[in-house]
Peer 1: 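Pasting a structure below so you can have a look.
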2 protein chains.
Amino acid sequence: MGNPRGVRPQRAALADLPSLKPQPTAAERAAEVIRDGIFEGRFMPGTPLPETDLADALGISRNTVREAFRTLQAEHLLDYEVNKGVSVRRLTPADAADIYRIREILELSSLDLITSTPAELDTALLTAAVAEGRHAADNGDWVAVGTANLRFHAQIVALQGSPRLDEFFQRVMTEMRLGFLAVADPRSLHEPYLDLNGRICAAVCAGQLAEAREMLRHYLHTARGEIVAAVTPA
Amino acid sequence: MGNPRGVRPQRAALADLPSLKPQPTAAERAAEVIRDGIFEGRFMPGTPLPETDLADALGISRNTVREAFRTLQAEHLLDYEVNKGVSVRRLTPADAADIYRIREILELSSLDLITSTPAELDTALLTAAVAEGRHAADNGDWVAVGTANLRFHAQIVALQGSPRLDEFFQRVMTEMRLGFLAVADPRSLHEPYLDLNGRICAAVCAGQLAEAREMLRHYLHTARGEIVAAVTPA
DNA sequence: GAGATGTCGATTGTTGAACAATGTGGATTG
DNA sequence: CAATCCACATTGTTCAACAATCGACATCTC
């Protein structure tokens with residue numbers, strides 16, 4: 001290693017190494033698989049999640065499962081009753097109404113607050129979500145169409161570029177999925193909005209924000225009625 | 001109990017009993033005391049929270065402390081590094097900027113969306129927060145003045161009556177407290193806004209929403225600069 | 001003495017077992 | 001049929017243990 005005065009080539013290369021991310025804990029990974037499962041519609045609302053079953057399935061201990069549950073509980077993805085454990089969240093009509101109220105506030109505000117020109121707006125992920133939805137529809141996978149729809153609307157709020165707002169809204173959209181699952185026929189729910197999302201996206205990209213806003217507002221109003229009805233117990 | 005058809009007096013009284021809340025778990029109570037402590041400014045940002053110390057202090061086991069930590073972590077009240085544990089959140093300048101961006105979006109939207117008349121608006125808690133601030137100032141307790149200020153602004157968003165938005169914003173206000181604590185002299189920070197909050201409150205109660213909005217917007221802009229500067233490391 | 005390396009105690013991540021408290025469903029009883 | 005009782009499953013919580021990691025200090029090398 002003796003390298004008298006001057007540049008040290010090997011060391012320079014070392015500095016360029018990407019600092020490797022700390023390996024997430026078991027509890028974090030457990031929370032993630034459950035969270036992703038819910039977002040993608042693989043868990044029906046109301047499904048009980050016994051600690052022992054989860055521990056066995058994930059190959060971790062009960063205490064670690066409980067840590068993951070506390071995380072997901074704080075994210076409102078699980079229902080919890082003391083001494084009864086957790087289950088996949090089931091939305092009440094009041095929940096659905098609240099979610100649509102928030103969507104109206106945040107999604108419409110997001111469009112209203114756009115000041116930059118369409119060119120400098122980051123619409124790549126927006127158009128990607130529209131494409132993802134069309135692709136899923138071609139495959140007849142209507143649950144995946146719903147996922148793409150959730151992503152599309154999350155991207156509208158993401159135009160604001162606020163990490164906190166993004167995270168909050170992503171969480172609200174995950175709750176939204178739990179409402180989608182209450183609708184018996186996902187196709188009749190999502191199919192009409194495939195095209196609408198495309199038109200909204202086109203309008204945003206073209207800078208026609210007033211038109212986009214009106215389409216979005218109308219969509220939220222219509223969908224709200226469908227979901228609130230679906231989550232209302234017979 | 002044989003009570004042939006008809007009203008059963010004793011039972012009727014029983015039905016009116018308020019269903020007593022399930023006793024919260026130890027982890028929930030632990031999370032609550034830490035959360036309240038942070039909101040009220042009793043923990044300095046960066047303070048490490050070793051699991052064993054907390055367990056001893058609260059009289060619970062380490063596993064239960066960890067459950068509480070996972071909850072508070074999901075609420076962004078704690079900084080966390082794997083294998084290093086948690087500490088009271090320390091805001092970065094980017095955090096402070098993001099928080100004020102969200103405050104602008106949500107607090108101003110809240111005023112804009114008010115449609116009801118001043119009379120039917122629930123302004124009791126708003127005026128209470130103003131009074132609480134004045135009272136604390138009389139006692140020279142400037143940290144408590146800050147708490148009242150946080151409550152006042154949380155109440156502005158609460159005018160919308162959305163449970164989810166309330167909870168999210170309450171969390172953001174708790175983060176805000178961590179920014180307040182970075183300011184050396186709390187008096188010079190909060191004193192000028194005591195009166196301003198009173199004027200905003202009066203304007204809202206009088207239905208002069210445009211005036212209230214403008215005062216609020218100006219406040220957020222000014223305060224933003226102070227807090228961002230305070231959390232910027234020397 | 002400065003920088004690199006080795007070492008040790010403290011803290012965290014995780015597990016498994018244990019036990020009390022609570023909830024659940026079914027059998028029993030009147 | 002309703003109320004009661006009982007056995008069983010699940011949750012809330014603790015404890016002790018151990019590997020992995022971190023931080024600080026001692027040690028070595030030049």
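Values reported hereafter were calculated over all heavy atoms of this structure, with side chains retained and with hydrogens, waters and symmetry mates removed. Numbered from 1 within each chain, the chains take letters A, B, ... in sequence-line order.
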Peer 1: Which is more 5' along DNA chain C, the nucleotide nearest A:Ile60 or the one nearest B:Pro50? Just name the residue.
Peer 2: B:Pro50

Peer 1: Starting at atom CG of B:Asn63, determine the distance to atom C1' of D:dA17, rounded to an integer number of angstrom.
Peer 2: 12 Å

Peer 1: Please report the distance, rounded to the nearest Å, between CG in B:Leu49 and P in C:dT11.
Peer 2: 14 Å

Peer 1: Using whole Å, what does the distance between atom P of nucleotide D:dT13 and atom CZ of B:Arg70 come to?
Peer 2: 16 Å

Peer 1: Between B:Glu67 (CD) and C:dG13 (P), how many Å, whole number?
Peer 2: 14 Å

Peer 1: Please report the distance, rounded to the nearest Å, between CG in A:Asn83 and C1' in D:dT10.
Peer 2: 9 Å

Peer 1: Exactly one of A:Arg90, A:His76, A:Arg89 should register a side-chain hydrogen bond (donor to acceptor under 3.5 Å, both in side chains) with A:Asp95. Which one does?
Peer 2: A:Arg89

Peer 1: Assess the side chains of A:Ser162 and B:Asp98: does a donor N or O sit below 3.5 Å from an acceptor N or O?
Peer 2: yes

Peer 1: For the side chain of B:Arg62 and the base of C:dT14, is some donor closer than 3.5 Å to an acceptor across the two?
Peer 2: yes

Peer 1: Evaluate the ring planes of A:His153 and A:Tyr219, with Trp represented by its six-membered ring, and classify them as parallel (under 30°), tilted (30 to 60°) or perpendicular (over 60°).
Peer 2: parallel

Peer 1: Report the nucleotide, chosen from C:dT15, D:dC22, C:dT14, that has the shortest atom-to-atom distance to any side-chain atom of A:Ala26.
Peer 2: C:dT14

Peer 1: Against A:Arg35, only a single residue in A:Glu75, A:Glu167, A:Glu175 fulfils salt bridge (Lys or Arg N to Asp or Glu O under 4.0 Å); can you say which?
Peer 2: A:Glu75

Peer 1: Could you state the atom-to-atom distance from CD of A:Glu51 to P of C:dA21 in whole Å?
Peer 2: 18 Å

Peer 1: Reckon A:Phe69 touches a base, only the sugar-phosphate, or nothing at all at heavy-atom distances under 4.0 Å?
Peer 2: nothing

Peer 1: May I ask you to verify if any side-chain N or O of A:Thr64 is less than 4.0 angstrom from the OP1 or OP2 atom of C:dG13?
Peer 2: no

Peer 1: Starting at atom CD of A:Gln23, determine the distance to atom P of D:dT21, rounded to an integer number of angstrom.
Peer 2: 8 Å

Peer 1: Indicate whether OP1 or OP2 belonging to C:dG13 is found under 4.0 Å from a side-chain N or O atom of B:Arg66.
Peer 2: yes

Peer 1: Using only side-chain N and O atoms of B:Lys84, determine if any of them is under 4.0 Å from OP1 or OP2 of D:dG23.
Peer 2: yes

Peer 1: CG of B:Leu54 versus C1' of D:dT14: gap in Å, rounded?
Peer 2: 17 Å

Peer 1: Below 30° counts as parallel, above 60° as perpendicular, anything between as tilted: where do the rings of A:Phe168 and B:Phe168 land?
Peer 2: parallel

